[in-house]
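Convention: sequence-line order gives letters A, B, ...; per-chain numbering from 1.
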Amino acid sequence: MASILDGLNPNQRKAAEHIDGPLLILAGAGSGKTKTLTTRLSYLIGEVGIDPFNTLTLTFTNKAAAEMRERALGMIENRSSTPPLLCTFHKFGLLFLKFHIEKLGRKNNFVIIDSDDKKRLLRAIVKELKIEDLNISFLASEISKYKNSLLTPDVAIKKAELEDYRKVAKVYSAYQSNIEENNLVDFDDLLMLTYRILDENSKLRVEVSNRYRYIMVDEYQDTNELQLKLLEHLSSEHNNLCVVGDDDQSIYGWRGANIRNILDFAETFTDAKTVKLETNYRSTEQILEAANKLIEHNSGRIGKKLESHIGAGPKVNLQHSLDEVHESRAIAREIQELLSKGVDSKDIAVLYRINALSRSLEEGFTKEKLNFKLIGGMRFYERAEIKDIISYFRVLANQNDDFSLLRIINKPKRGIGKASVGKIHKLADENRLSIYDTIISTKESDMVSLVGKKVTNAFKKVVADIKLLQSEVERSIYDFVSLFEDTIGLKDYYAHLVDGQDRVLNMDEFYGYFRDAIKKNPDLTLEEFLNDISLQSEQDQVEGESVTIMSIHAAKGLEFEYLYVIGLEEEFFPLLGDGCNMEEERRLGYVAITRAKRHLTLCYVDSRFYKGRRKMIDKSRFLGESGLIESTSLKITKSSAYKRGDLVKHKIFGIGRVQESNKASGGYKLLINFGGNKKEILSSFVQPI
DNA sequence: TGGGTCACGGTTTTT
DNA sequence: CCGTGACCCA
């Protein structure tokens, strides 16, 4: 009898056929990971006879979820029953909390805030608490770490020993009370609160685990501590957890992903089976040889070797240029030639380690009249004009959302300044009311004496507008957008700014999207719409009519016939610096190389213009490690000579000035004056400033 | 209140 | 070099 498993190779088949007990599918780049996973899901449902209702498949991005859904559903013949739940971790958290957040004493009409909102809120809190010496991004990521380690603010404060961490914990505490008061949840909460509820309610945990009897996780190497704990709870009753990942492609450590999750899978889940997928259907032998050689320099790995299914192929090219201008011109001209030979531009991409390198490409490509598409940069929902609309919508969904109200209270300009906002904010805090309710309940005469007649009127107008719009939302959510623009006039406001035209176009796109969503689902509430879009990102428009340029991170999961990787230089790639994790840099190199199907060009330059100055750089150690050039002798951190008077920085001695410089093996022997304290130090131990 | 100038600092990014 | 936030004055 024909089976859907027939299309798989022996190892893929072994993985798909595995039914009960934990399974780790170690899937190398291009080894048919998605195919195996989707085939397994449809096999379980279509041939083993498992109810789709009892499966759960988790991914990291909406894009991956959408792709897998399409492919799996395409294979399942009888689609009469409920489709299997296949979504992102965060979406799962959202669905779960909609049903169960009451168990934490919270209402389920919460709204999700994104990282941008989080930072804005933190900025306000830091100001209020007068702790202004802490970096906002640092705070945001520390709070994220707290939540992912399940530390409550109280515990965090108690455990904090260093002064700085007491401050961080205090901000965390204020932040958490603030979002709880406004009934907001951040991305981490979607997972953290879900975990907490399951952890505290054993009956529910058993019930939920029994419901999701077959769990699959994609990109397992990217899971963090909390996601692992969540998975342990979800699979506690049956242990049927199947994860797919590649330890060599773990490139999100800086964001909390814990590579140990995949390395230790077999120990964490007893009796786990491991299946390795090492046949690569994407790239040539030449390309895979470079990738394999490079990644072998890492020590913390399970270990596997990709074998090409498509044969030798052409040699990997190296391109050496004087600087970034020559580099981008050379690439542009080569691409032009490919295009003239009939190569499809969507089969060509250029990758880089840091976004700053995109600039020279953009300039060079424009000069050479080469069409390109840049992936990354400002995301749609994070544009100021879109966030303004979203903030209005949020206030309409929940007038107690002070945070959103504050963003739009003087947008468009109503003559309400910082001072007036501060006064009303203070009054609201004293009365333990939201700002909206404070404006409504404060006597007009009191308000006038507080902020003056003009501002009082402006406040009253905002509240009246919001009331009007709320009733319109109830009447017809579809028509409400036009009244919204008539009443608020956000488009007019933006139209008069310098880049107004683009912004108005964006706003129209957003309104169109909103109307579309309502048309598709007339029962959609504003609140549901808001939560849906906050879990969405529109990075799925990669395929197009032009050459793509993007970061290596953004290219994960993609493949290109012709691939260029630029910036293969020490400092840029591997990117050296404080938190440099060389093994992760190398994995990033591995990911970059394995995006290429047949033609790979690695580019490096002698000097690059960066942060306002020109820097001399050496070629990347990765070129040697992947066997593409004779292994270079030890790296010299600075290739141009140090001379008397140069300022340098030493990890222990701090900043000093070079007094003497002599060539020595592997660099320079320097006599440095650290504030009167003279030391003889090798140049490899200092950084030029 | 809000426009203008100045100093500072600057990886990778999804949800 | 270029964008952001703090600060100052009309």
Side-chain angles (χ1 to χ4, degrees), chain A residues 58-65 87-94 112-120 123 126-127 132 135-137 140-141 144 147-148 185-192 219 222-224 226-227 250-257 351-360 363 375-379 381-382 384 410-411 413-422 451-452 454-455 458 531-540 550-557 567 571-581 584-585 587-589 591-592 608-615:
Chain A
L58 295 170
T59 64
F60 277 82
T61 64
N62 291 302
K63 198 180 153 199
C87 63
T88 64
F89 271 94
H90 295 266
K91 177 83 179 185
F92 177 76
L94 171 64
I112 303 169
I113 58 169
D114 64 24
S115 25
D116 200 62
D117 298 324
K118 180 176 173 182
K119 283 187 182 167
R120 249 165 46 82
R123 229 166 258 134
V126 151
K127 211 165 204 175
E132 304 196 24
N135 178 289
I136 297 296
S137 302
S141 75
S144 215
K147 293 193 176 185
N148 283 307
V185 297
D186 63 19
F187 290 134
D188 299 316
D189 287 340
L190 290 173
L191 305 179
M192 192 260 288
E219 306 280 13
D222 289 337
T223 50
N224 64 26
L226 180 56
Q227 282 158 334
S250 165
I251 56 173
Y252 286 104
W254 51 274
R255 193 171 88 181
L351 308 184
Y352 36 79
R353 172 68 178 86
I354 55 172
N355 284 320
L357 298 200
S358 75
R359 188 167 228 111
S360 60
E363 281 167 11
I375 305 289
M378 195 53 144
R379 287 202 292 278
Y381 293 115
E382 274 174 19
N410 195 35
K411 222 172 240 189
K413 290 196 170 38
R414 303 183 169 101
I416 302 172
K418 263 182 277 175
S420 304
V421 171
V451 295
K454 245 177 80 183
V455 177
N531 280 340
D532 279 350
I533 60 168
S534 57
L535 291 184
Q536 257 170 44
S537 67
E538 29 67 78
Q539 34 86 261
D540 5 44
M550 65 188 139
S551 73
I552 297 166
H553 283 90
K556 193 165 159 232
E571 251 174 277
F572 286 105
F573 194 16
L575 181 63
L576 306 171
D578 318 327
C580 172
N581 176 343
E584 185 150 318
E585 291 297 314
R587 291 193 289 269
L588 212 37
V591 169
R608 230 175 244 292
F609 196 69
Y610 183 58
K611 288 189 188 175
R613 56 206 320 239
R614 182 155 295 282
K615 256 188 168 178

Tell me which of A:Val421 and A:Ala356 sits closer to the 5' end of DNA chain B, going by the nucleotide each one is nearest to.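 By nearest-heavy-atom nucleotide position, the 5'-most residue is A:Val421.
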
Identify which nucleotide among [options] has an atom closest to any side-chain atom of [X], counting heavy atoms from C-beta outward.
{"X": "A:Arg255", "options": "C:dC1, B:dT12, B:dT14", "answer": "B:dT14"}
{"X": "A:Leu575", "options": "B:dT1, B:dT14, B:dT11", "answer": "B:dT11"}
{"X": "A:Ser115", "options": "B:dT12, B:dT11, B:dT15", "answer": "B:dT15"}
{"X": "A:Ser420", "options": "B:dT1, B:dT12, B:dG10", "answer": "B:dT1"}
{"X": "A:Ala419", "options": "B:dT1, B:dT13, B:dT11", "answer": "B:dT1"}

If only side-chain N and O atoms count, and only distance matters, is there a donor-acceptor pair under 3.5 Å linking A:Asp188 with A:Ser144?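 Distance-only check passes for A:Ser144 and A:Asp188.
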
What does nucleotides 2-7 of chain B look like as a protein-contact string, B for base, S for sugar-phosphate only, - for none, at under 4.0 angstrom between heavy atoms? SS----

Does a nitrogen or oxygen in the side chain of [X] sit under 4.0 Å from OP1 or OP2 of [N]?
{"X": "A:Asn355", "N": "B:dT12", "answer": "yes"}
{"X": "A:Ser551", "N": "B:dT13", "answer": "yes"}
{"X": "A:Asn62", "N": "B:dT14", "answer": "no"}

Identify all pairs in which a protein N or O lies below 3.5 Å from an N or O of nucleotides 3-5 of chain C, and state each distance.
none

A:Lys147 versus A:Leu226: any side-chain heavy-atom pair under 4.5 Å?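 The answer is no, as the side chains (C-beta and beyond) never meet within the 4.5 Å cut-off.
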
Can A:Trp254 be classed as stacking with the base of B:dT12, given a centroid separation cut-off of 5.5 Å and a plane angle cut-off of 30°?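 The base of B:dT12 is stacked with A:Trp254 (centres under 5.5 Å, planes under 30°).
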
For A:Glu585, answer base if it contacts any base atom (sugar-phosphate contacts may also be present), sugar-phosphate if it contacts only those atoms, and nothing otherwise; contact means non-hydrogen atoms under 4.0 Å.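 If one applies the 4.0 Å heavy-atom cut-off, A:Glu585 turns out to touch a base.
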
Heavy atoms only, 4.0 Å cut-off, all strands: where does A:Phe89 land among base, sugar-phosphate and nothing?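 If one applies the 4.0 Å heavy-atom cut-off, A:Phe89 turns out to touch nothing in the nucleic acid.
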
Using the six-membered ring wherever Trp is involved, compare the ring planes of A:Phe187 and A:His90 and label them parallel, tilted or perpendicular (cut-offs 30° and 60°).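 The arrangement is perpendicular - the two ring planes meet at more than 60°.
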
I want to know whether A:Tyr610 and A:Phe572 have ring centres closer than 6.0 Å.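 Yes, the ring centres sit under 6.0 Å apart.
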
